[in-house]
Number of protein chains: 2
Amino acid sequence: MASEQVTPPLYGTVLLKAKAILDFILNTPTPPNLKEISDNVPMTKSTVFKILKTLEFCGFVRCLGEEKRYYLGTTFLSYAQKTLSTFDINLVAKPFLAQLRDETNETVNLGILDTSDSTVTLLAKLESPNSINLVSRVGKGMHLYSSAMGKAMLSCLPENEFDAYLTKTDLVPLTEDTITDKKQLCENIQQAKANGYAIENNENQKDVLCVGFPLYKDGRIYGAFSVSAPRYRVAEGNLALFIEKGRIAQQNILAVI
Amino acid sequence: MASEQVTPPLYGTVLLKAKAILDFILNTPTPPNLKEISDNVPMTKSTVFKILKTLEFCGFVRCLGEEKRYYLGTTFLSYAQKTLSTFDINLVAKPFLAQLRDETNETVNLGILDTSDSTVTLLAKLESPNSINLVSRVGKGMHLYSSAMGKAMLSCLPENEFDAYLTKTDLVPLTEDTITDKKQLCENIQQAKANGYAIENNENQKDVLCVGFPLYKDGRIYGAFSVSAPRYRVAEGNLALFIEKGRIAQQNILAVI
DNA sequence: TATAAAATTTCTTATACAGAAATATTATAC
DNA sequence: GTATAATATTTCTGTATAAGAAATTTTATA
């Protein structure tokens with residue numbers, strides 16, 4: 001849906017063919033042999049064969065057994081490890097968050113879950129063009145129970161992990177509206193789960209309202225982002241805009257993760 | 001060293017170039033930009049650029065940030081998952097184990113660690129050409145503390161996991177030579193770790209001697225294999241042969257895992 | 001042993017590729 | 001704010017390479 005590049009490049013047809021073959025192996029329950037592959041990708045048997053042999057040479061596939069079935073290779077294990085170790089949600093999400101900032105004219109934050117002490121680590125803050133800004137600092141840890149991003153991420157936790165968090169955490173009040181009752185927090189998180197976003201209204205920082213969106217995909221919590229504004233600037237229509245545009249940003253980011 | 005295919009295939013030069021680029025990104029601590037890549041692979045900048053754009057289109061790399069640095073893509077996460085879920089140590093190891101069987105003229109076994117109940121599951125049994133064979137059945141579970149493959153795998157466990165195993169396990173005797181003393185087992189495993197192989201002499205099955213080799217790589221225990229023979233057939237020189245040829249098979253298998 | 005099916009190899013022309021060099025886009029110095 | 005340098009991207013062209021048809025070898029099955 002986004003206006004991204006969808007036309008294949010005019011270079012590297014072999015790469016595109018190789019990917020089609022790899023994807024076919026990926027999506028086939030039992031490892032296929034040459035015939036099964038060439039029957040299911042738009043290439044002749046000899047072309048598939050030659051590409052497979054090169055992929056095998058590269059360690060991208062392995063051909064095993066008397067039936068000569070093709071398996072994805074162990075090379076991908078190293079690549080995947082590197083992908084994870086250098087994955088930068090900050091860089092991935094930033095363009096979409098900048099757009100969200102421009103659409104809402106408010107400050108947009110990006111955070112990740114710090115599992116060591118169950119807090120939100122603020123990775124990036126895209127300042128509102130409006131003059132009066134909020135006091136937040138990149139790197140600062142916030143509580144999960146009081147912040148919009150934190151509550152958004154809580155809403156994605158598996159039940160047992162959420163229970164563990166609830167058990168071990170003291171809900172220390174930060175403002176007069178901080179939720180300090182565990183049952184109430186539970187309900188609040190349930191609501192966030194149902195909505196797909198979490199609202200924090202004067203709970204974490206005085207006179208600030210935040211809408212937090214989780215970045216959750218394939219069972220993994222990549223982080224969360226939020227739109228935050230001084231409460232006086234958030235009228236009814238404004239909040240709806242935050243939610244609408246936030247949801248779009250969320251979809252866009254998840255699509256490229 | 002093995003007489004495997006080492007000559008690049010005469011087809012798919014773009015694939016080979018693409019792999020060189022991916023490998024450079026893999027081995028560079030901070031994600032490189034175009035210039036850094038093209039300075040380090042034997043291609044011109046424009047060639048590297050065009051391949052990168054196609055790799056990006058395929059989801060194999062992503063270009064992020066103002067500095068346009070290249071990261072390995074998330075596509076590899078799916079590929080790696082599939083690699084692991086279809087990984088078949090049996091098929092990978094079999095040719096080398098068949099060779100070992102022929103070199104020793106004894107039965108060769110392949111097993112994996114069943115972590116659910118801490119036993120060895122026998123995956124394959126390559127029968128000795130000699131007439132008198134041993135009683136073992138594919139699928140049969142053996143104890144880690146009494147079998148050669150089990151002890152080989154124990155020698156690769158991280159210390160805390162080994163301690164946990166020792167604590168929870170009753171060393172029930174299977175023969176008159178089964179090690180039933182935990183301290184003695186500890187020393188035996190230490191010895192196996194130092195040797196790189198484990199010997200089981202009449203401990204698991206009466207009148208049988210086994211030499212077990214672990215298949216351990218990158219912190220992962222893929223399984224173990226063993227050469228097993230009736231004790232009366234194992235003279236001094238024979239045992240040395242088992243160890244020598246077993247080590248070679250182990251190296252060969254680990255090289256292709 | 002005969003037959004079928006699948007895997008390799010051979011061969012050839014159109015085409016996709018590689019690199020040089022020009023251009024555009026940044027970053028940085030002045 | 002302009003000049004300069006560094007990097008990224010595009011254009012262009014001869015040549016190497018890829019794609020497919022078909023023959024051949026290998027392997028499975030009757």
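Below, read A as the first sequence line, B as the second, and so on, with proteins coming before strands; counting in each chain starts at 1.
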Discussion item. For residues 23-36 of chain B, which residue pairs pass the salt bridge (Lys or Arg N to Asp or Glu O under 4.0 Å) check, not counting sequence neighbours?
Written reply: B:Lys19-B:Asp23, B:Lys35-B:Asp39, B:Glu36-B:Arg69
Tabulate atom names and distances for all N/O pairs under 3.5 angstrom spanning the protein and nucleotides 6-10 of chain D.
residue: D:dA8; atom: OP1; partner: B:Leu34; partner atom: N; Å: 3.3
residue: D:dA8; atom: OP2; partner: B:Lys35; partner atom: N; Å: 2.9
residue: D:dA8; atom: N7; partner: B:Lys45; partner atom: NZ; Å: 3.0
residue: D:dT9; atom: OP1; partner: B:Lys68; partner atom: NZ; Å: 2.9

Item to complete: Find the distance A:Ile51:CD1 to D:dT17:P and express it as a whole number of Å.
Response: 15 Å
Discussion item. Strictly distance-based, threshold 3.5 Å: is any side-chain N or O of B:Arg247 a donor or acceptor partner for the main-chain N or O of B:Phe242?
Written reply: no
Worksheet item: Is there a side-chain contact between B:Tyr222 and B:Ile253, using heavy atoms and a 4.5 Å cut-off?
Response: no
Discussion item. Using whole Å, what does the distance between atom C1' of nucleotide D:dA18 and atom CG of A:Leu16 come to?
Written reply: 14 Å
Worksheet item: Relative to the ring of A:Phe76, is the ring of A:Phe60 parallel (under 30°), tilted (30 to 60°) or perpendicular (over 60°)?
Response: parallel
Worksheet item: Which whole-number value in Å describes the distance from A:Asp39 CG to C:dA6 C1'?
Response: 11 Å
Worksheet item: With sequence neighbours left out, what residues match A:Thr74 under side chain to side chain donor-acceptor pair (under 3.5 Å)?
Response: none
Worksheet entry | d(CD, B:Glu66; P, C:dT28) in whole Å | 10 Å
Worksheet item: Between C:dT8 atom P and A:Ile37 atom CD1, what is the distance in whole Å?
Response: 11 Å
Worksheet item: Which whole-number value in Å describes the distance from A:Ile21 CD1 to D:dA18 P?
Response: 13 Å
Discussion item. Below the 4.0 Å mark, does D:dG20 have OP1 or OP2 next to a side-chain nitrogen or oxygen of A:Thr47?
Written reply: yes
Worksheet item: Looking just at side-chain N and O atoms, do A:Ser147 and A:Asn204 make a donor-acceptor pair shorter than 3.5 Å?
Response: no
Response to the item:
Taken to the nearest whole Å, NZ/A:Lys17 to P/C:dT15 is 12 Å
